[in-house]
Protein chains: 2
Amino acid sequence: MKVTLSALDTSEAFFKPLVVLELARDVKEETRKWLEKKINDKKKNGGAQLLIRPLIEKCEEQTLESQNLYLVGASTIRLLLGAESVGLVKECNDSTMRAFTYETRQNFKGFSNGNDDFLTVAECQFIIKHELENLRARDEKMIPGYPQAKLYPGKSILRRLLTSGLVTQIFPLHDNEALKKLESTWYNRFKLKYQPLDNIRMYFGETITLYFGFLEYFTFALIPMALIGLPYYVFDWEDYDKYVIFASFNLIWSTVILEVWKRGCALMTYRWGTLLMKRQFEEPRPGFHGVLGINPITGREEPLYSSFKRQLRIYLISLPFVCLCLYFSLYVMMIYFDLETWAQEVHRESDFPELTNILLFVPSIIYAIVIEIMNRLYRFAAEFLTSWENHRLESAYQNHLVLKVLVFNFLNCFASLFYIAFVMRDMKLLRQSLATLLITSQILNQIVETLLPYWLQRKCGLRVKKKVQGLKADVDVTLYEQVMLEREKGTYLGTFDDYLELFLQFGYVSLFSCVYPLAAAFAVLNNFTEINSDALKMCKVFKRPFAEPSASIGVWQLAFETMSVIAVVTNCALIGMSPQLNAVFPDSKTDLILMVVAVEHALLALKFVLAFVIPDKPQEIQIKLAKLEFESLEALKQQAGIDARNVDTSSSFQGTPKQNAAESAVASGSGATSTSRTRGPWKMR
Amino acid sequence: MKVTLSALDTSEAFFKPLVVLELARDVKEETRKWLEKKINDKKKNGGAQLLIRPLIEKCEEQTLESQNLYLVGASTIRLLLGAESVGLVKECNDSTMRAFTYETRQNFKGFSNGNDDFLTVAECQFIIKHELENLRARDEKMIPGYPQAKLYPGKSILRRLLTSGLVTQIFPLHDNEALKKLESTWYNRFKLKYQPLDNIRMYFGETITLYFGFLEYFTFALIPMALIGLPYYVFDWEDYDKYVIFASFNLIWSTVILEVWKRGCALMTYRWGTLLMKRQFEEPRPGFHGVLGINPITGREEPLYSSFKRQLRIYLISLPFVCLCLYFSLYVMMIYFDLETWAQEVHRESDFPELTNILLFVPSIIYAIVIEIMNRLYRFAAEFLTSWENHRLESAYQNHLVLKVLVFNFLNCFASLFYIAFVMRDMKLLRQSLATLLITSQILNQIVETLLPYWLQRKCGLRVKKKVQGLKADVDVTLYEQVMLEREKGTYLGTFDDYLELFLQFGYVSLFSCVYPLAAAFAVLNNFTEINSDALKMCKVFKRPFAEPSASIGVWQLAFETMSVIAVVTNCALIGMSPQLNAVFPDSKTDLILMVVAVEHALLALKFVLAFVIPDKPQEIQIKLAKLEFESLEALKQQAGIDARNVDTSSSFQGTPKQNAAESAVASGSGATSTSRTRGPWKMR
């Protein structure tokens, strides 16, 4: 009844290479053969049923360093079956979104036999990655030839190969033609235009596209803030009432834009099908390990790990560790401020002010270096801890990692500003350090993140080209050159750092907005170039990343919302501390504070009411989702109906006469009841 | 394929009467006949296909006042089909919970042919009510005999009959035997025992049972608070640090108990099947009107009303009206305080203190009366407005009504306490009025709510009994007497007032807990008797209410959570104002306030983190729900597969050879792929 992989011929003589697999130089021949067989073998034999061939055929092997590169692909049918197992959601001919199945392929928009465009290249690469990662050991005890690389039933073979260093990397190939087309509509444009998000998604997948969509949306949403902030700078407004108005607008605005983004995001991801993709039925993430057992939800055999144990690890080890790190970070900050005052004192009492003038910069330089080191060390520890927590799903892993890193980075970046604002109460210094931090971090980021790697990569590219030119002509030079070029490129480590940058920018703009209204304008300027430099980075600098489906920006939504709540508190406190406002209440500081606290509570209440009142999904999407749910429930009822009928037919002899009458009514009745419309096939019989 | 009502014989000579329908005295014969026919008629003719007979046969009619009473029932098959159309969820033999369908009836636990116990009486009555309410006009332009009672396609006939006064009431009959059994395990017990919630649910339905469950849970949850509060009273502790500890414990505790209730509630309602009942596929509520159209979710024809219009009504009319009422309520409170000071002044300056002593009570008496009047008027207006907002679902209607009434009642009850606490800053007066309000309201409530109606109802019962004894003997006297008795009883207007009472009690306990720690103890004492008196009320005083399925306490959960947030703010403010704490900071009031605000923010943050960290549903239930969703999605895939196959068979001639090969693989393939297990019937063929 079902299409099985074993019954299909998924081998082809020639195939389009989609993914490159690089083995270590000294991998034994035995292991190579075993891996090739594993990847090529049929599903029923425990293989991945994919196509694989070396980049260079045997004969030329000795002359080149590329003997360890393999190309992986798959037949069209195999890819379609993979799309089903991944749970891809596509648009049907009746313009509903449904989970793709091979059996129903004719129902889907854009599908026709022999048409290879139905799945985008990014989707195909995602499917191959998924299949490779879920190539699991059956009864192998180790990787052949490497007794120390142990395997056990259910262990992902690729993961073990990667951890034991036998596979050095795996990456998808660029599609140069499509990439050029994309580049021409994406960046390299001097006029302002929306990004071609749908095309980006076809090439890079949903996760990356959502980042670019959010970056663009956020930039446009900042424009009103920037415009309102400009006159404060131009006319040097310092009246507290104007600041109050500015801050209030900012707070309401930041709530509204985050809510509206949620709605826009739902609209987009519904169209892309990822809103409907079922995360909980995902296969466990590659790093997940546990005892093989039956998943209580799907009834399939897969590794299981007690969620109680995971909770214990999170709350007893990870949480205390994070708290300790936070404490340490604050401690370092206090040392920095002590050093600062010490340096200033030395400078003031010094007999050689020219010499000690340099000393004034030493504490901040040391602090900046220490912060950078701490961030790196912490990031490493956070990744280790989150991996050790053994989350079943990639999304859960990401969420926990993001949460850990976010809290630490937030404190590291803003703690000194908070200290200046609320302990030292030096608004001038606050404005100055805010401006310095914002502008320098933006400029540095753009250089370090994009321009530097781009330059390095170009140099390296020329070297590779030179080498390739020295080749014999009977190899597929174009493909060979492409693989060798991309192999040398850096790996894009996910949207994490890009979002983090945006998050910290949002912090600079919103936390102290009433002290430095120009921040939004700088952020807008930066983001317009950021879009272009990030696009350049994606297209030119890095290896092509694997597409990852996702339905929203996930934990970042929560992070931005939390930031906007904190912003309410800090802005109210700053306004309350402003000398202008203090001049209005010269006698009673208590009344002032009480008033500020009251306004703060009112703003917070308003924020929550707004978030509650604005629905997360547009009505249109709500209806579509409800419709799908309704249909799937009806289908379940129908199917249960057949189960029952099969039982009934075999046991109808025992029924009472009255019951049999009802039975025959069941068999002969036609037309719809008031309850449920009968659907297609059931009507036909 | 489907069982249709038209094909089934759902008429029976004798039936168990379930619901009583009372017409007005002077209803025309023509209208009676039409209504009887409508209720009895087959579905395809636009009827409800229920059974109906007059309580007393024609011949005896003249001698009795009961000529307008009708008994409504239904055949077993009709009830089962009704259960399907209502969307009842029941436990299957494999102990999963599934939506009941008539076709699959054999799969369900406790179902066997000729077994009438499968549906509880409460469920049967709910089904009959649902069917009667959804008896809609087709092409009738008016109710026969009453041209002023207009009908239009899709209008609920019962609703029109009720609004035009032709049907005076409709209520389900008590089941005296079951009731006695229930009573013996429920109240009348002097030893402490849990309530028999499952039995209550069988008799009164989920909504009422959830109220009793929540009442019981809340009472037990208050015990720790009460125990900790007691020593404060006994030893007269007044140290601020002890108060801080007490208040902090209360705040964390109130957050935790509300979260834990959510989990317990999910466990219960999963077992009852209501957690899985799909609210959005509900039929529209009886009062809902609109233009007939196709529901975009279900594809069924039903009245539709633009949600944009509804939003306009809510935000442009209802919201301003509520705000105006709130303002008016505050205004009245201010007048009361003015009156109060005026009375005290008169008393102080009076020459006849005995006379003016009475005058001191006049303002509070007037205020109490005015509050009561305002509450009544507002309740009336709120019901009218919410009905006018034309919500599609009963639950949406309830939510909006509750929200409206809640805000107003909260202000009415607590505004004066807030005024005393934060404007007059008279803690002694606050404690005094808090105690007075709490205790008197509890005592009054118990008397007015239960004992008084119970006494009145007993008197009335004796009168009815007397009358019945004067009857001829050939009528079914027991049934007749029962109907006549219950007809006279008051109608239970829903759990609204009971929850409101509990909500206000929670307010008294939590809002000012650090001023009056004894409040929790009083609340516990009250609630133990409240459980019994409410049970008495349900069983003895009122007509049996219709069972209403519900999955949670709905908007009340939000209301209680909001109250506990407000409680954090008020308690922190009260502690900050305490003279003990002020004595610690004699010089700097500013530092004190800042510290209190900081603590408050920390507590609020902790609350939100707690609410975020504790999952709303126990893991067990999460897995079961995910499993059901997974299965229904698989079923949808399967069904779509059949659709596709039917199309394929008819068009396979055009396919390419390769495609045909795949096709035949589809037809001949057996065994499960790695992706999806094939389920029952598909395997069999």
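Here is the naming used below: chain letters follow the sequence lines, and residue numbers restart at 1 for every chain.
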Side-chain (Asn582(B)) to main-chain (Met577(B)) donor-acceptor, under 3.5 angstrom: yes
Any donor-acceptor pair under 3.5 Å from Arg105(B) side chain to Phe111(B) backbone: no
Any donor-acceptor pair under 3.5 Å from Arg98(A) side chain to Cys92(A) backbone: no
Atom group of Ile566(A) that falls short of 4.5 Å from chain B, counting heavy atoms: neither
Derivation of the side-chain contact (heavy atoms from CB on, under 4.5 Å) call for Leu403(A) and Val555(A): CA-CA 8 Å; Leu403(A) 214 65; Val555(A) 75; 4.2 Å; yes
Region of Tyr315(A) in contact with chain B, defined by heavy-atom distances below 4.5 Å: side chain
Interface moiety of Leu594(B) toward chain A, non-hydrogen atoms closer than 4.5 Å: side chain
Phe612(A) versus chain B, the contacting section by heavy-atom distance below 4.5 Å: side chain
Val565(A), part contacting chain B, at a heavy-atom distance under 4.5 Å: neither
Side-chain donor/acceptor of Glu131(B) to backbone N/O of Ala48(B), under 3.5 Å: no
Chain A interface, residue from Gln619(B), Lys589(B), Lys624(B) that has the most non-hydrogen pairs under 4.5 Å: Gln619(B)
Contact class of Ile623(A) relative to chain B, heavy atoms under 4.5 angstrom: both
Minimum side-chain heavy-atom gap Ile77(A)-Tyr102(A) below 4.5 Å: yes
Residue, of Leu604(A), Thr590(A), Leu625(A), that accumulates the most heavy atom pairs under 4.5 Å with chain B: Thr590(A)
